[in-house]
Amino acid sequence: MHDRRGELKAIVQKFAADRRRLIDILWAAHEHRGFVSTDDAAAIAQELGISTGHVAEVVSFYHFFHDRPVGRHTIYLDTSIIAEHAGQGAVREALCRELGVKVGEVSADGLFGLLETSCIGMSDHAPAALVDGLPVPFLTPERAVAMVAWLRAGRPLKDWLAGLARGDGQNTALGLPISNHLRNVGPFLFGPEENDPPVVAQTATADEIIDTVTRSGLRGRGGAGFSTGKKWDLCRKIPAATRYVVCNADEGEPGTFKDRVLLTETADLLFEGMALAGKAIGATEGFLYLRAEYRYLLEHLETRRREFEARAPLGPFSIRIQLGAGAYICGEESALLESMEGKRGEPRIKPPFPVESGYLGCPTVVNNVETLILAALIVRRGSDAFRRWGTERSPGVRLLSVSGDVEFPGIYEIPWGTSLGEVLDRCGAREPHLVQVGGPSGEVVRADAVERVFSYEDLSTGGSLMVFSRDRDRFEILENFSTFFVNESCGNCAPCRAGNVVLRDLLKRFKNGHARAEDLPKLDQWARIVSQTSRCGLGMTSPRVLTTSRKAFPELYADAIDQKKSPLFYDFDVAAATAEYDRRVEEPS
Amino acid sequence: MTQKKVIATTSLAGCFGCHMSLLDIDLRLLDLVEVVAFDRSPLTDIKTFTRRADIGLIEGGVCNDENVHVLRLFREHCDILVSMGACAIMGGLPALRNEIPLSECLEEAYLRVPTSAGGSRIIPHHPDLPKILDRVYPCHEIVKIDYFLPGCPPSAELIWRAVTGLLFGGADPIPRELIRYD
Ligand SMILES: Cc1cc2nc3c(=O)[nH]c(=O)nc-3n(C[C@H](O)[C@H](O)[C@H](O)COP(=O)(O)O)c2cc1C
Ligand code: SF4
Ligand code: SF4
């Protein structure tokens with residue numbers, strides 16, 4: 001029998017028995033066996049000198065960690081609404097039938113586990129799944145069954161994926177049939193790099209860097225839109241011996257995939273941006289927190305990272321890539337830092353903000369992938385080159401990840417100030433009706449509000465743009481978003497943990513035609529409770545699914561209430577609720 | 001003398017603990033019956049409504065089709081409906097079965113237990129027996145509930161204050177410490 005205990009001991013030793021590396025340790029432990037049993041957790045805890053409970057609570061927190069077997073091959077179906085609309089339902093059914101399981105179960109031969117997970121950043125390849133860590137795009141029932149047959153025959157998944165390459169002339173690097181779908185390149189980010197002046201950053205001082213970035217008006221692209229120059233300046237002014245730079249590549253907002261593309265196309269620029277931030281704040285160490293869904297990029301990123309560190313264009317700056325383990329909330333900067341320290345990704349109470357007390361309590365700058373890349377280009381080209389684009393109050397460009405009912409899903413680089421109508425035209429929207437700007441935590445917008453513009457003053461967005469045509473059931477879309485928050489709430493505070501369930505259930509009443517007039521004020525009350533009393537941005541923004549859709553489509557809710565129905569008696573189908581009983585008692589056993 | 005107010009009570013999927021708690025108002029029960037009449041209630045053993053009630057107190061959640069029927073009758077015959085106790089509010093203890101498929105529950109209860117007579121293969125069912133629902137529902141998913149009294153059971157004091165307050169008004173606000181969730 002093989003020595004699991006010794007194996008775990010070796011893993012822990014490999015990470016110098018450092019409890020802050022628990023996520024890496026758990027990944028390594030999963031590598032060998034696919035899960036971490038209670039005994040494994042106890043063994044790891046003992047080697048690290050921490051409690052078994054601590055290890056167990058971390059295992060239970062992340063989607064991709066398991067305390068029981070989940071099959072030799074693990075299939076995670078993407079449950080985003082984009083995937084569902086693209087036919088994930090039929091794929092799910094086919095796999096359940098083929099494997100003889102329900103979602104969440106392992107096939108009898110132990111070969112396959114069929115699971116689900118939130119958006120995997122493949123909305124331009126919908127419906128997609130993660131299989132053994134690799135993205136499998138454009139699934140159909142037939143394709144899924146063929147993949148299962150291939151794996152059953154013991155052949156490597158990578159070979160099967162290579163056979164899928166779509167040959168559309170775009171990037172199929174990394175040997176995967178994943179295209180970058182760059183639909184609109186330029187004017188700034190995906191501009192002609194060869195025209196760039198030699199890297200001025202080599203000689204620029206910290207003051208100059210911060211000055212240029214501040215004057216460019218660059219604001220964070222992770223969602224909150226905080227001034228990047230100001231963030232760096234705040235951080236460097238906190239007295240401390242050590243500071244850190246962290247790049248947030250957790251990209252969990254359903255519908256976005258721009259960071260995936262940036263990581264594939266422009267990793268060098270990203271590392272340059274990180275080193276630049278380091279130079280600006282006085283840090284020599286940086287971390288790239290990579291969402292586990294993008295694990296397939298790890299090898300590529302490690303290669304680029306080694307090259308960058310060897311080149312060291314801005315002087316010595318070391319970077320470690322930290323893999324996440326599946327949790328949308330780890331995109332929230334303080335949850336991300338907790339995760340980096342080997343804990344559950346539960347947001348910290350702010351203040352203090354990371355610039356003051358971040359990784360290991362040291363001042364830390366956390367920036368989005370796009371932010372850091374733009375910063376690198378701004379320092380190369382000067383702040384005016386950036387300000388040439390966009391508007392006075394929203395300078396520069398930003399990337400949109402467009403998906404849904406459009407001819408051309410993919411990445412669009414637009415100057416701020418571009419109108420919704422123009423973007424819908426360009427991506428070939430098919431009879432658009434509802435547009436989700438900025439993902440579920442963003443805003444529901446009517447597609448006929450074509451005059452609205454992408455800018456910090458109007459449609460300020462984290463970059464996700466999901467387009468839905470007229471024939472889509474709007475409540476189905478909204479319920480999918482609401483369920484996303486139920487699944488991704490870290491559970492720390494009650495208003496978010498329980499309130500999102502209440503909101504989702506209320507929405508279901510509308511969707512299923514059970515709503516009564518009193519449900520409307522109830523919706524408003526719960527939306528207020530959840531948004532105003534939650535600890536972090538997840539809970540604060542989750543009710544926006546309801547509030548913004550009510551504003552955009554007031555008639556949607558009003559029409560869903562059947563005024564003829566009694567306000568005292570709710571719809572309850574006794575026959576449906578007793579069907580299982582009838583079936584069971586009549587069955588001869 | 002003005003007409004007496006009318007109260008009705010019932011226990012659905014409950015343990016009667018809430019009704020016991022109601023009786024714990026002790027001597028005040030005597031004051032209460034001066035001004036209140038109990039209609040349909042296990043306390044009076046009146047099985048059908050004889051008149052309209054001002055308040056209906058519901059103990060227990062909804063676990064079978066008869067519960068649904070009774071709850072709907074209460075809604076029809078009472079001006080104000082109150083969910084009394086954890087079970088009525090959220091299913092309570094009986095709702096622990098909601099995580100387990102109904103057929104498994106039935107098999108465990110009737111077929112696999114050591115006391116099942118001589119390897120019986122029969123799950124009791126008869127047209128006169130209520131049918132078990134797929135899961136236990138809180139009352140407010142079936143009908144509109146106007147007030148909720150948390151607790152398992154809610155204390156006699158809480159029930160007293162709530163009922164007299166609702167019937168006669170003018171009651172002091174209920175102090176926080178009386179509202180308990182255990
Ligand atoms: C629930 C939640 C999820 C988030 N997810 C991400 C994410 O995936 N990527 C990201 O860059 N920022 C995300 N953020 C924002 C970060 O907390 C943080 O503001 C950002 O990384 C700062 O970088 P920036 O200034 O460059 O935008 C998220 C915030 C919240 C509240
Ligand atoms: S708001 Fe939600 S995600 Fe944020 S800390 Fe509270 S429970 Fe966790
Ligand atoms: S709430 Fe408690 S006391 Fe009341 S019926 Fe339920 S279990 Fe019994």
Side-chain angles (χ1 to χ4, degrees), chain A residues 60 68 96 101-105 486 494-495 497-523 525-526 529 561-589, chain B residues 13 56 61-81 89-90 97-112 116 119-127 129-146 181:
Chain A
S60 71
R68 64 200 65 187
C96 286
V101 297
K102 292 202 276 278
V103 171
E105 293 177 350
V486 170
R497 181 183 62 235
N500 275 309
V501 176
V502 174
L503 286 174
R504 196 257 322 257
D505 289 352
L506 275 169
L507 206 48
K508 264 192 178 159
R509 287 168 68 89
F510 282 90
K511 175 169 169 252
N512 299 333
H514 300 326
R516 299 294 195 276
E518 65 177 33
D519 289 323
L520 275 178
K522 228 189 253 177
L523 258 181
Q525 284 167 354
W526 277 102
I529 291 171
I561 297 170
D562 186 346
Q563 299 291 355
K564 289 195 296 292
K565 282 185 178 168
S566 159
L568 295 180
F569 297 89
Y570 300 150
D571 305 319
F572 184 79
D573 187 345
V574 179
T578 52
E580 191 180 345
Y581 175 82
D582 286 338
R583 207 166 41 243
R584 185 59 194 86
V585 296
E586 272 148 30
E587 200 172 86
S589 44
Chain B
V62 181
C63 79
N64 62 37
D65 61 349
E66 195 226 357
N67 293 159
V68 178
H69 177 71
V70 172
L71 183 56
R72 284 176 173 162
L73 277 177
F74 265 71
R75 184 68 271 183
E76 207 178 311
H77 288 96
C78 304
D79 290 347
I80 296 173
L81 221 47
I89 293 175
M90 49 144 188
R97 80 160 160 96
N98 286 1
E99 295 296 310
I100 305 162
L102 177 64
S103 6
E104 258 177 61
C105 291
L106 294 171
E107 280 155 26
E108 183 67 30
Y110 293 113
L111 306 184
R112 285 203 287 269
S116 92
S120 160
R121 312 296 308 148
I122 294 171
I123 292 170
H125 61 285
H126 186 273
L129 289 177
K131 292 180 179 183
I132 312 288
L133 303 182
D134 54 348
R135 56 188 185 87
V136 179
Y137 295 82
C139 295
H140 62 266
E141 284 190 17
I142 315 289
V143 300
K144 179 174 169 60
I145 297 290
D146 303 293
Y181 295 85

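If you're wondering where the values come from, they're calculated on a predicted model, not measured in any experiment. Every chain is numbered from 1, with letters handed out A, B, ... down the list of sequences.
- Interface residue B:Glu76: backbone and side-chain heavy atoms are both found under 4.5 Å from chain A.
- Residue contact with chain A, scored on non-hydrogen atoms closer than 4.5 Å, is absent for B:Tyr110.
- In this structure, CZ in A:Phe569 is found 8.0 Å from CZ in B:Arg72, a value given to the nearest 0.5 Å.
- Scanning all heavy atoms of the two residues, the minimum distance from A:Tyr570 to B:His140 falls at CE1-O, 3.1 Å.
- With contacts defined as side-chain heavy-atom distances shorter than 4.5 Å, the pair B:Ile132/A:Thr578 does not qualify.
- For chain B, no part of A:Asp505 is nearby; none of its heavy atoms comes within less than 4.5 Å.
- Residues A:Arg584 and B:Ile123 have side chains in contact (heavy-atom distance under 4.5 Å, counting atoms from C-beta outward).
- With contacts defined as side-chain heavy-atom distances shorter than 4.5 Å, the pair B:Lys144/A:Arg516 does not qualify.
- For a residue to count as touching a neighbouring chain, one of its non-hydrogen atoms must lie under 4.5 Å from one of that chain's; by this rule B:His69 does not touch chain A.
- Shortest non-hydrogen contact noted between A:Glu580 and B:Asp134 is OE1-CB, 4.4 Å.
- B:Leu71 has its side chain out of reach of A:Phe572: every pair of non-hydrogen atoms, C-beta onward, lies at least 4.5 Å apart.
- Contact annotation for B:Pro101: both backbone and side-chain heavy atoms come within less than 4.5 Å of a heavy atom of chain A.
- Summarising the geometry of A:Tyr581 relative to B:Pro130, their closest heavy-atom pair is OH-O, 4.1 Å, with the distance given to 0.1 Å.
- Of the atoms belonging to B:Ile142, heavy atoms from both backbone and side chain fall under 4.5 Å from chain A.
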